[in-house]
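In what follows, a structure is listed as C-alpha cells, so that the remarks can point back to it.
All values reported here derive from a predicted model rather than from experimental measurement.
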Amino acid sequence: MKIKATLLLTIFSFSLLFTACFNDDDSGIRTEADELIELNELLEKLEENYTVEQTSLGTYYIVHKQGEGEFPEAGDSLSIQYLGYFIDGTTFDSSFERQDSIWNFMYLDPQMQLIEGMNDGLALMNTGSYYDLIIPSSLGYGDGNGVFPRYKTTVFSVKMKGIKKLAE
C-alpha cells in the first residue's frame, strides 16, 4: 500500500510540475531540442526535493530505497514491479495493472530487447531497491515507434522484487 501511495504521489508531482512541457511551436514536430528543454526543466524541479544521479550512459535515477544483496548480471532472472510514464504523468505501461503485478524476465537477454536505459538502471538495483529511472529518448524509444512519441523522455518507477542468479 505504501509503495502504491508513493507511486501515485510521484506521478501526481510529475504531472503538476510538467503539464506545460509540450512543444507549442507551429510545426507540431518534436525535436531533440524540445526533449532536452523538458528534461532539464524536470531535473531542476526534481533536484529541489531529491538527489538525482546519472549513470555513465546517461540514465538519470532517484534512489528511494536501496536494497540488499547482489546486483544483477547477464542471465540472472529478475522479478520487478514497475510503472512507466512520460514526464507529464501520462502512464503508458504498468505491471500493477496485471493480475500478477510482478514481471519476471532474464536480465540482458538478447531476445528481450529492453531499452538501453532500463538495462542501465536495473544494473544499479539489488533486491528490495526502489528507484525512479529517468530515461532520455536516446536510451529509450528514440524518434518514436508508433506507440511512443518521438523524442520523449520516459520515467520508470521500479521496485526490484528479486534476483535469481544464473548459477542457482
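Taking all atoms of both residues into account, the shortest heavy-atom contact from Pro72 to Leu78 is CB-CD2, 3.6 Å. Of all heavy-atom pairs spanning Gly75 and Leu166, the tightest one is O-CD1, 3.5 Å. Between Phe71 and Ala123, the shortest heavy-atom distance links the atoms CD2-O, 3.7 Å.
Under the side-chain contact (heavy atoms from CB on, under 4.5 Å) criterion, Ser137 pairs with Glu35, Tyr151, sequence neighbours left out. For Gln54, the side chain to side chain donor-acceptor pair (under 3.5 Å) test picks out Tyr60, with sequence neighbours left out. Residues satisfying the side-chain contact (heavy atoms from CB on, under 4.5 Å) test with Leu57, not counting sequence neighbours, are Thr55, Glu116, Asp120, Leu139. For Glu73, the side-chain contact (heavy atoms from CB on, under 4.5 Å) partners two or more places apart in sequence, or in a different chain, are Asp76, Lys165. Not a single side chain to side chain donor-acceptor pair (under 3.5 Å) links Arg150 to another residue, sequence neighbours left out. The side chain to side chain donor-acceptor pair (under 3.5 Å) search around Ser129 returns Gln66, Asn126, not counting sequence neighbours. Residues satisfying the ring-ring contact (aromatic ring centres under 6.0 Å, His included) test with Phe156, not counting sequence neighbours, are Phe92.
Put simply, NE2 on His64 and OG1 on Thr51 are 11.0 Å apart, with the number rounded to the nearest 0.5 Å. The OG1 atom of Thr153 sits 9.5 Å away from atom CD1 of Ile135, with the distance rounded to the nearest 0.5 Å. Summarising the geometry, atom CG belonging to Leu124 is positioned 8.0 Å from atom OG1 belonging to Thr59; distances are rounded to the nearest 0.5 Å. To the nearest 0.5 Å, atom NZ of residue Lys152 and atom OH of residue Tyr141 are 14.0 Å apart. Between the OG1 atom of Thr154 and the CE atom of Met118 there is a distance of 8.0 Å, given to the nearest 0.5 Å. To the nearest 0.5 Å, the span separating CE on Met160 from OH on Tyr130 amounts to 14.0 Å.
Among residue pairs with one or both ends in residues 90-104, those qualifying as salt bridge (charged side-chain N to carboxylate O under 4.0 Å, His left out) are Asp93-Arg98; sequence neighbours excluded. Applying the salt bridge (charged side-chain N to carboxylate O under 4.0 Å, His left out) rule to pairs touching residues 49-58 yields nothing, sequence neighbours excluded.
A donor-acceptor pair shorter than 3.5 Å can be found between the side chains of Ser157 and Tyr85.
Residues Thr91 and Leu83 have side chains in contact (heavy-atom distance under 4.5 Å, counting atoms from C-beta outward). For the pair Leu39/Pro136, a side-chain contact is recorded, criterion being any heavy-atom separation below 4.5 Å from C-beta on. Leu46 is listed as a side-chain neighbour of Ile134, based on a closest heavy-atom distance under 4.5 Å.
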Please report the C-alpha distance between Val158 and Leu122 in whole Å, then the side-chain angles of each, then the deciding distance to 0.1 Å, and finally whether the side chain to side chain contact (heavy atoms under 4.5 Å, CB included) criterion is met.
-> CA-CA 9 Å; Val158 181; Leu122 289 173; 4.0 Å; yes

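A chain of hydrophobic side-chain contacts below 4.5 Å, direct or via other Ile, Leu, Val, Met, Phe, Trp or Tyr residues, connects Met125 to Val63.
Counting only distance, with no hydrogens or angles, the side chain of Asn40 and the backbone of Ile37 share no donor-acceptor pair below 3.5 Å.
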Show me the donor-acceptor pairs, under 3.5 Å and distance only, between side chains in residues 101-109 and residues at least two apart or in other chains.
| from | atom 1 | to | atom 2 | distance (Å) |
| --- | --- | --- | --- | --- |
| Ser101 | OG | Gln81 | NE2 | 2.7 |
| Asn104 | OD1 | Ser79 | OG | 2.3 |
| Tyr107 | OH | Asn119 | O | 2.9 |
| Asp109 | OD1 | Gln111 | N | 3.0 |

